[in-house]
Amino acid sequence: MLGMSEEEPWLTKPFIATSTEEILSAAQSKYIISSVNEILPDIERFEGKLAYVGLPGQVQSIRLLQEAGHPTVKNIEYIFGPFYGNTLHFSSVKSFLRSYGERDYRKIRKLYFRHGEWPGNMRIELESGRTIELPKFHANYLIPFHIMKNSLLCTDLSNEFTDISGGDAWAPAYEERGKGFSIILSRSDKGQAILDEMRGEGYLVLNPIEEGEAISMHSHGYDLKKRGTFIRMKYRRWLGKRNPDYGYIMKGFTLKRYLMELVIDSLFIILGTGFSRFIIERIPPKTVGKVFEKSRNVWKRSTKKIKKSQLNASNG
Ligand SMILES: Cc1cc2nc3c(=O)[nH]c(=O)nc-3n(C[C@H](O)[C@H](O)[C@H](O)COP(=O)(O)OP(=O)(O)OC[C@H]3O[C@@H](n4cnc5c(N)ncnc54)[C@H](O)[C@@H]3O)c2cc1C
């Protein structure tokens with residue numbers, strides 16, 4: 001699993017957890033770049049069976065190695081993973097700190113992305129005793145400024161190659177209630193067996209929902225991955241750039257959706273420049289976050305029709 005480094009608490013660190021405490025210590029999403037698969041040699045040396053937790057790209061690599069019968073993955077018995085919208089470069093943390101007048105990320109003692117009650121806060125505790133905190137929905141303003149390109153070239157939102165994947169249950173009813181609800185999906189018999197057992201023993205409360213409801217909870221994410229990525233790859237092909245080969249292609253999107261993608265991509269390009277980052281760091285994150293959340297909601301509402309069209313269980 002992916003925890004935070006003890007020596008350099010601003011960095012993520014994959015490790016093999018062998019106790020409940022260690023598993024819990026690695027809870028919470030890390031929305032910055034990580035290299036989980038650097039742990040493969042340790043996985044190979046481990047004596048015993050392991051459950052692996054990773055993002056879709058990392059999981060896909062493990063599945064390919066399993067298919068090839070590679071010895072490094074022979075100990076992996078289960079694969080779990082979170083849903084995956086995007087990851088940010090480490091520059092997001094540096095920029096966030098600079099916005100609060102802090103220059104040195106090496107003074108970070110604790111870094112959280114989902115601290116406290118769901119959906120949680122981005123929170124940084126510094127050596128000086130200062131704590132900086134911003135609600136997740138506001139900290140999302142960092143996304144267009146620091147998003148990693150591979151998030152935009154990924155077609156897998158719900159971690160399709162896992163035994164069990166989990167995400168946030170984004171729905172107004174749950175969001176208003178707070179407390180935190182997750183969506184969980186079993187994708188194999190052995191994944192389902194774990195859920196059944198946990199439910200039987202009272203560790204999990206599961207409320208079944210229909211496929212359509214699950215998709216509509218994540219319609220923006222599905223649109224980003226199942227339409228956006230294929231359109232972005234098409235644009236890249238036109239520009240003579242290479243794309244990942246996922247073994248399938250989705251097409252037949254409306255002209256409006258293609259145009260919408262041009263707007264989105266232009267924003268990513270403009271906001272990702274050093275100049276835009278410089279400007280945004282001069283405005284208090286609280287203000288930027290609020291403006292970002294409001295504009296994102298307006299954008300979501302105004303593009304809802306384009307995004308939701310054709311996105312249902314029967315043709316999805
Ligand atoms: C980069 C990223 C993007 C995400 N995007 C979305 C999204 O768009 N929509 C959505 O619904 N949910 C998304 N999630 C999932 C969501 O944030 C929660 O992780 C998910 O709801 C599971 O929460 P939990 O409390 O059940 O899991 P937790 O108990 O918090 O366990 C999470 C597990 O994931 C591992 N982990 C955390 N971060 C990483 C990482 N970067 N790489 C590999 N393993 C990691 C941890 O080690 C831990 O084992 C994302 C998660 C990540 C890490």
Side-chain angles (χ1 to χ4, degrees), residues 1-5 11-39 50-62 78-90 92-93 111-122 136-137 139-140 142-143 146-148 150-152 154-171 174-175 179-186 194-195 198 203-206 209 213-226 228-229 296 300:
M1 34 206 342
L2 191 71
M4 300 304 289
S5 159
L11 293 182
T12 55
K13 189 173 181 199
F15 70 104
I16 296 177
T18 51
S19 66
T20 312
E21 291 73 32
E22 281 179 341
I23 291 173
L24 290 175
S25 77
Q28 286 191 24
S29 297
K30 283 87 187 171
Y31 293 132
I32 43 168
I33 186 167
S34 68
S35 72
V36 171
N37 287 351
E38 72 188 32
I39 204 174
L50 290 167
Y52 172 96
V53 186
L55 298 178
Q58 296 154 354
V59 168
Q60 286 160 14
S61 310
I62 300 294
Y78 296 101
I79 299 191
F80 307 135
F83 280 31
Y84 175 58
N86 55 68
T87 328
L88 305 185
H89 284 285
F90 186 69
S92 57
V93 175
L111 171 59
Y112 305 91
F113 298 89
R114 300 285 293 262
H115 187 270
E117 184 168 328
W118 184 83
N121 301 304
M122 179 164 178
K136 175 194 159 36
F137 285 141
N140 276 349
L142 291 165
I143 295 174
H146 302 277
I147 191 167
M148 284 179 59
N150 76 354
S151 316
L152 296 170
C154 165
T155 57
D156 185 350
L157 173 77
S158 61
N159 226 328
E160 294 162 16
F161 294 93
T162 51
D163 291 299
I164 301 176
S165 67
D168 290 293
W170 299 130
Y174 299 128
E175 285 168 38
K179 289 192 188 143
F181 285 81
S182 300
I183 182 164
I184 194 154
L185 254 154
S186 72
I194 293 179
L195 293 188
M198 290 183 76
Y203 289 116
L204 268 185
V205 176
L206 297 170
I209 57 169
E213 191 184 342
I215 290 174
S216 98
M217 247 180 211
H218 289 274
S219 58
H220 297 284
Y222 275 119
D223 178 77
L224 176 80
K225 303 278 169 170
K226 297 293 182 195
T229 297
R296 202 174 188 208
K300 272 185 173 181

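Remember, it's 1-based here, ligands and their atoms both numbered in the order they're listed.
Partners of Tyr112 under the ring pair (Phe, Tyr, Trp, His ring centres under 6.0 Å) rule, at least two apart in sequence or in another chain, are His115. Under the ring pair (Phe, Tyr, Trp, His ring centres under 6.0 Å) criterion, Phe83 pairs with His218, not counting sequence neighbours. In this structure, Glu22 has no salt bridge (Lys or Arg N to Asp or Glu O under 4.0 Å) partners at least two apart in sequence or on a different chain.
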Under 3.5 Å: N or O atoms of ligand 1 paired with protein N or O:
| unit_1 | atom_1 | unit_2 | atom_2 | d |
| --- | --- | --- | --- | --- |
| ligand 1 | 5 (N) | Gly85 | N | 2.9 |
| ligand 1 | 8 (O) | Gly85 | N | 3.1 |
| ligand 1 | 11 (O) | Asp168 | N | 2.8 |
| ligand 1 | 14 (N) | Phe83 | O | 3.0 |
| ligand 1 | 17 (O) | Ser29 | OG | 2.6 |
| ligand 1 | 17 (O) | Tyr31 | OH | 2.9 |
| ligand 1 | 17 (O) | Arg114 | NH1 | 3.2 |
| ligand 1 | 19 (O) | Ser29 | OG | 2.6 |
| ligand 1 | 21 (O) | Gly167 | O | 3.3 |
| ligand 1 | 21 (O) | Asp168 | N | 3.4 |
| ligand 1 | 30 (O) | Gln28 | N | 2.6 |
| ligand 1 | 38 (N) | Lys30 | N | 3.0 |
| ligand 1 | 41 (N) | Lys30 | O | 2.9 |
| ligand 1 | 47 (O) | Leu2 | N | 3.0 |
| ligand 1 | 47 (O) | Leu2 | O | 3.0 |
| ligand 1 | 47 (O) | Ala26 | O | 3.1 |

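Asp163 and Tyr52 share no side-chain donor-acceptor pair at under 3.5 Å. Glu38 and Ser35 are linked by a side-chain donor-acceptor pair at a separation below 3.5 angstrom, with hydrogens and angles left out of the test.
A donor-acceptor contact shorter than 3.5 Å links the side chain of Lys225 to the backbone of Tyr84.
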